[in-house]
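To keep things clear, I will list the structure first and then write my remarks on it.
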Protein chains: 2
Amino acid sequence: MTATAARTPPRKRASNGAARRSEADEIGLDALVGHAGYAVRRFQIWIFQDFVRTLGDVEIRPTQYSVLTVIGANPGLSQMAVAKRLGIERARLVHLLDSLEQRKYVKRIKSKEDRRSHALHLTAQGETALAKFKGLAAEHERNVEAKIGKENREQLLRILAGFT
Amino acid sequence: MTATAARTPPRKRASNGAARRSEADEIGLDALVGHAGYAVRRFQIWIFQDFVRTLGDVEIRPTQYSVLTVIGANPGLSQMAVAKRLGIERARLVHLLDSLEQRKYVKRIKSKEDRRSHALHLTAQGETALAKFKGLAAEHERNVEAKIGKENREQLLRILAGFT
DNA sequence: GGGCAATTGTTGTCGTCAACAACAATCTTT
DNA sequence: AAAGATTGTTGTTGACGACAACAATTGCCC
């Protein structure tokens with residue numbers, strides 16, 4: 001249906017000069033509505049900003065939180081394993097871990113079995129910090145719930161469960 | 001529930017050295033499952049990549065497509081109006097339009113009413129190109145449908161309709 | 001009607017992030 | 001032992017969001 005709409009000639013309203021649309025932005029999105037990617041992108045931006053705002057006091061961003069969570073749940077993982085599990089590049093994970101190690105949340109321990117790799121662990125400080133972060137993340141999740149509705153959020157999680 | 005899970009001590013499996021997990025990555029995500037933001041981010045990455053791949057031959061990225069679509073549906077808009085409608089910064093839109101204008105898809109016409117602003121229009125070439133892009137975008141949308149299911153996609157669009 | 005604030009497009013900087021490429025050190029395979 | 005693959009690291013490139021500053025222009029206010 002989107003393809004057929006492409007043949008529709010654009011309605012030339014306000015084609016002379018810049019738009020003078022009172023104030024209510026009644027600007028049509030045309031084919032953009034109906035594109036899952038656009039809706040998801042806008043939603044993702046919203047969720048990202050709310051997360052950053054809610055976890056702003058502890059200065060933890062979404063990616064950092066995901067790294068800490070995975071290490072906390074699976075101590076001893078290699079950087080490669082973490083990167084693959086979270087779908088981030090190992091090159092990028094290096095900087096993330098540099099930062100988290102500098103803040104004393106994470107330790108890189110040289111593996112005896114494979115001297116190329118590092119076993120990743122949370123420090124004691126990292127454990128207690130992560131517990132706090134999880135509380136704030138739960139607060140953020142409640143914000144999401146308030147934004148789109150309780151059962152909508154659950155349905156969304158169900159639909160996208162395959163991507164985690 | 002996510003908050004209570006934070007108190008659960010991490011099970012120390014494979015804590016000596018780097019992980020030796022056969023091959024099937026059975027790495028727990030712990031609290032990450034249940035976070036809408038994480039699922040949405042992963043899904044957004046997938047959708048983004050599929051869009052870029054499907055529209056790869058015509059070298060159109062999602063943001064460019066959204067700009068062309070809005071201009072095509074609302075000829076004469078100012079840059080400010082387009083930027084506000086799509087939630088991108090006007091500073092960023094400048095470069096986007098530079099590129100699209102260079103490729104002869106878009107024209108910046110100096111407005112007579114407000115000599116500060118430009119009225120944005122598609123060129124004839126831009127119109128036919130956009131029609132082609134819409135066809136490819138529809139193909140991409142079918143990929144999404146194949147990935148998450150027809151009614152799941154529709155439900156997703158309904159849930160996130162407020163963000164467009 | 002004159003002056004001041006706001007708006008528009010533009011340029012620039014900074015930091016995040018994905019995608020590569022190259023490299024040394026270290027396994028693994030043959 | 002030699003060749004090839006993997007792991008962590010460094011660096012580059014380009015898209016992107018967030019700001020800040022600026023000139024030109026418009027709108028508002030007194």
Side-chain angles (χ1 to χ4, degrees), chain A residues 17-21 23 37 41-42 44-53 55-56 59-67 76-99 101 106-120, chain B residues 17-21 23 41-42 44-53 55-56 59-67 76-101 106-120:
Chain A
R20 268 295 148 256
R21 278 176 180 75
E23 41 190 50
R41 172 176 163 265
R42 298 297 297 257
Q44 210 267 331
I45 290 175
W46 184 91
I47 256 190
F48 186 86
Q49 287 174 341
D50 185 84
F51 189 100
V52 170
R53 190 171 47 78
L55 290 254
E59 293 184 74
I60 286 291
R61 302 177 54 87
T63 313
Q64 297 175 314
Y65 177 75
S66 68
V67 170
L77 280 187
S78 70
Q79 298 186 192
M80 196 59 206
V82 170
K84 202 176 296 181
R85 185 63 188 88
L86 290 176
I88 61 186
E89 281 190 70
R90 64 186 202 275
R92 165 139 184 69
L93 186 61
V94 171
H95 302 295
L96 284 169
L97 288 175
D98 284 349
S99 163
E101 198 171 27
V106 167
K107 275 178 303 185
R108 277 191 257 225
I109 301 179
K110 280 193 269 189
S111 168
K112 296 293 182 186
E113 306 164 344
D114 188 338
R115 309 219 310 278
R116 294 170 301 181
S117 68
H118 296 157
L120 300 176
Chain B
R20 269 292 149 257
R21 279 177 181 74
E23 39 191 51
R41 173 176 162 267
R42 298 297 297 258
Q44 209 268 330
I45 290 175
W46 183 90
I47 257 191
F48 186 86
Q49 287 174 342
D50 185 83
F51 189 99
V52 170
R53 189 172 48 77
L55 290 249
E59 292 186 72
I60 287 291
R61 302 181 50 90
T63 313
Q64 296 174 315
Y65 177 75
S66 68
V67 170
L77 280 187
S78 70
Q79 300 187 189
M80 195 60 204
V82 171
K84 202 176 295 180
R85 184 63 189 88
L86 289 177
I88 60 187
E89 281 191 70
R90 65 186 201 273
R92 164 136 188 69
L93 186 60
V94 171
H95 302 295
L96 284 169
L97 288 175
D98 285 348
S99 162
L100 292 175
E101 199 170 26
V106 168
K107 272 178 303 184
R108 279 190 256 223
I109 301 177
K110 280 192 270 189
S111 168
K112 296 293 182 186
E113 306 165 344
D114 187 339
R115 307 219 310 278
R116 295 170 300 180
S117 67
H118 296 156
L120 300 176

Counting just side-chain N and O atoms, does [X] come under 4.0 Å of either OP1 or OP2 of [N]?
X: B/Gln49; N: C/dA19; answer: yes
X: B/Arg61; N: D/dA15; answer: no
X: A/Arg41; N: D/dG17; answer: yes

Under 4.0 Å protein heavy-atom contact, by nucleotide of nucleotides 1-7 of chain D - B base, S sugar-phosphate only: -----BB
Difference in axis direction between the ends of the helix from C/dG1-D/dC30 to C/dT30-D/dA1, five pairs, 10°: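 Between the first-five-pair axis and the last-five-pair axis there is 20°.
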Polar atom pairs between nucleotides 12-14 of chain D and protein, under 3.5 Å, N or O only, would you list them?
none

Solution key, residues 45-53 of chain B side-chain donor-acceptor pairs under 3.5 Å, sequence neighbours excluded:
| from | atom 1 | to | atom 2 | distance (Å) |
| --- | --- | --- | --- | --- |
| B/Asp50 | OD1 | B/Arg53 | NH2 | 2.5 |
| B/Asp50 | OD1 | B/Asn143 | ND2 | 3.3 |
| B/Asp50 | OD2 | B/Thr54 | OG1 | 3.4 |
| B/Asp50 | OD2 | B/His140 | ND1 | 2.7 |
| B/Asp50 | OD2 | B/Asn143 | ND2 | 3.1 |

Partner set under side chain to side chain donor-acceptor pair (under 3.5 Å) for B/Arg42, not counting sequence neighbours: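 Side chain to side chain donor-acceptor pair (under 3.5 Å) check on B/Arg42 returns B/Tyr38.
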Test side chain to side chain donor-acceptor pair (under 3.5 Å) applied to B/Arg61 - qualifying residues, sequence neighbours left out: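 Scan of B/Arg61 (side chain to side chain donor-acceptor pair (under 3.5 Å), adjacent residues dropped) gives none.
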Residues in salt bridge (Lys or Arg N to Asp or Glu O under 4.0 Å) contact with B/Arg90, at least two apart in sequence or another chain: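 Salt bridge (Lys or Arg N to Asp or Glu O under 4.0 Å) check on B/Arg90 returns nothing, list empty.
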Non-neighbouring partners of B/Glu101 that pass salt bridge (Lys or Arg N to Asp or Glu O under 4.0 Å), sequence neighbours left out: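 B/Glu101: salt bridge (Lys or Arg N to Asp or Glu O under 4.0 Å) contacts with B/Arg108.
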side-chain contact (heavy atoms from CB on, under 4.5 Å) against A/Arg115, all qualifying residues, sequence neighbours excluded: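 Residues passing side-chain contact (heavy atoms from CB on, under 4.5 Å) with A/Arg115: none at all.
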